[in-house]
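Report on the following structure.
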Amino acid sequence: FFSDALNTHAWDEESGYYGYVELDGNGGANIFKTDGVNADMGMDGAYPYVAGISDETRSARILDNIKTGMVTPIGVSMVDTRAPYYLTDGYWNGSVWMPHQWILWKALLDHGEVELAKHIAETALALWERETAHTYNCYEHFMIQNGRGAGFHQFSALSTPVLMWFES
């Protein structure tokens, strides 16, 4: 039911991402846009791919967006770097979060995208190693602008994806 609803109402052909849905009050639905652009260009708009509910054509579009708009030198951005609302100093925008790297990595393996999955894991582990060697802190997220840890630094649960990668 929910997969059908997402595929019927939330796919945005223009951006190649799923989007937030606004109900129009008359039984219709529209993709929420900001300044005429899908307001969900990033991990949230790619999660139906991660969940395995997007068809082959949509999956290919999302995968292309991940490769060309979300992969950065330090990891996968939470927001497509081409989106007009992407920020280099944002908490969510402009940052890399380890749990989402892990989730995307697992999905890519499920989809047979082994090389990209390997790249994401190696990039994330290198990022984690650099920051923890420098500060010995476990940060919430990492800023794409400078590759440094940011946010609260005592989130031990955010180290779980890294530990799981080492175990894998």
Measure across I62 and G45 and return the closest heavy-atom pair with its distance rounded to 0.1 Å. CD1-O, 4.2 Å

Any chance the side chains of D80 and Y17 put a donor and an acceptor closer than 3.5 Å? yes

Give the cluster check for V114 versus V71: same hydrophobic cluster or not, with ILVMFWY residues linked at side-chain heavy-atom distances below 4.5 Å. yes

Mind listing the closest non-hydrogen atom pair of P73 and T123 along with its distance? O-CG2, 3.6 Å

Who are the salt bridge (charged side-chain N to carboxylate O under 4.0 Å, His left out) partners of R61, not counting sequence neighbours? E13

Using modelled atom types only, decide if a donor and an acceptor are shared between the side chain of Q101 and the backbone of V76 within a distance under 3.5 Å. yes

Please name all residues satisfying side chain to side chain donor-acceptor pair (under 3.5 Å) with Y47, sequence neighbours left out, ordered by chain then number. H100

With side chains defined as the heavy atoms from C-beta onward, is the minimum distance between L125 and E129 less than 4.5 Å? no

Can you find a pair of side-chain heavy atoms, one from M41 and one from N65, that are under 4.5 Å apart? no

Might you work through the side-chain contact (heavy atoms from CB on, under 4.5 Å) test for V96 and M143, ending with a clear yes or no? CA-CA 6 Å; V96 168; M143 300 308 297; over 6 Å; no

Checking E14 now: which residues fulfil salt bridge (charged side-chain N to carboxylate O under 4.0 Å, His left out) with it, not counting sequence neighbours? K33

Examine W97 together with Y91 and report whether their ring centres are nearer than 6.0 Å. yes

Which residue pairs satisfy the ring-ring contact (aromatic ring centres under 6.0 Å, His included) criterion with at least one member in residues 48-77, sequence neighbours excluded? Y49-H111

Checking K106 now: which residues fulfil salt bridge (charged side-chain N to carboxylate O under 4.0 Å, His left out) with it, not counting sequence neighbours? none

Can you see which heavy atom on P99 is nearest to which on P161, and at what distance? CA-CG, 3.6 Å

Does the side chain of E113 reach to within under 4.5 Å of the side chain of E115, using non-hydrogen atoms? no

Excluding sequence neighbours, so at least two apart, what forms side chain to side chain contact (heavy atoms under 4.5 Å, CB included) with A29? H9, V21, L23

Across all chains, not counting sequence neighbours, the side chain to side chain donor-acceptor pair (under 3.5 Å) partners of T72 are none

Taken to the nearest 0.5 Å, the spacing of L63 CG from E56 CD works out to 11.5 Å

Can you tell me how far apart CG (N146) and CG (D89) are? Round to the nearest 0.5 Å. 10.5 Å

Could you list the residues that satisfy side chain to side chain contact (heavy atoms under 4.5 Å, CB included) with T135, not counting sequence neighbours? E131, N137, Y139, R148

Pairing residues for T57 by the side chain to side chain contact (heavy atoms under 4.5 Å, CB included) criterion, not counting sequence neighbours: D55

Straight-line distance of S95 OG to F142 CZ, nearest 0.5 Å: 10.5 Å

Kindly indicate whether the side chain of L6, heavy atoms from C-beta on, has any atom under 4.5 Å from the side chain of W11. no

Find out if a path of hydrophobic residues (ILVMFWY) with successive side-chain heavy-atom gaps under 4.5 Å connects F32 to F2. no

Indicate whether any N or O donor in one side chain lies under 3.5 Å from an N or O acceptor in the other, for Y20 and D44. yes

Interatomic distance, CD1@I74 vs CH2@W128, rounded to 0.5 Å, equals 13.0 Å

Is there a path of hydrophobic side-chain contacts, each under 4.5 Å between heavy atoms, that joins M78 and L87? no

Contacts of W102 meeting side chain to side chain donor-acceptor pair (under 3.5 Å) (sequence neighbours excluded), chain-then-number -> none

Would a hydrophobic clustering, with Ile, Leu, Val, Met, Phe, Trp and Tyr connected at side-chain separations under 4.5 Å, put V162 with M164? yes

Using side-chain heavy atoms (C-beta onward) and a distance below 4.5 Å, is N7 in contact with R58? yes

Could you pull out all residues at least two apart from T68 that satisfy side chain to side chain donor-acceptor pair (under 3.5 Å)? R82

Apply the test side-chain contact (heavy atoms from CB on, under 4.5 Å) to residues M98 and W165: give CA-CA distance (whole Å), side-chain angles for both, the deciding distance (0.1 Å), then the verdict. CA-CA 11 Å; M98 287 295 160; W165 268 320; 4.1 Å; yes

State, with a plain yes or no, whether a side-chain heavy atom of Y85 is found less than 4.5 Å away from one of D35. no

Side-chain donor or acceptor of T88 paired with backbone N/O of Q145 under 3.5 Å: no

Determine yes or no for a side-chain-to-main-chain donor-acceptor pair under 3.5 angstrom, with D12 supplying the side chain and I31 the backbone. no

With D40, which residues qualify under salt bridge (charged side-chain N to carboxylate O under 4.0 Å, His left out), at least two apart? none

Between the side chain of T81 and the main-chain N/O of G69, is any donor-acceptor distance below 3.5 Å? yes

Do I66 and M43 have side-chain heavy atoms sitting under 4.5 Å apart? no

Close side-chain approach of K118 and W105, heavy atoms under 4.5 Å: no

Take a 6.0 Å sphere around CD of E22 and say whether it holds more than 12 heavy atoms from other residues, nucleotides or ligands. yes

Taking all atoms of both residues into account, what is the closest heavy-atom pair of G147 and L127, and its distance? O-CD1, 3.3 Å

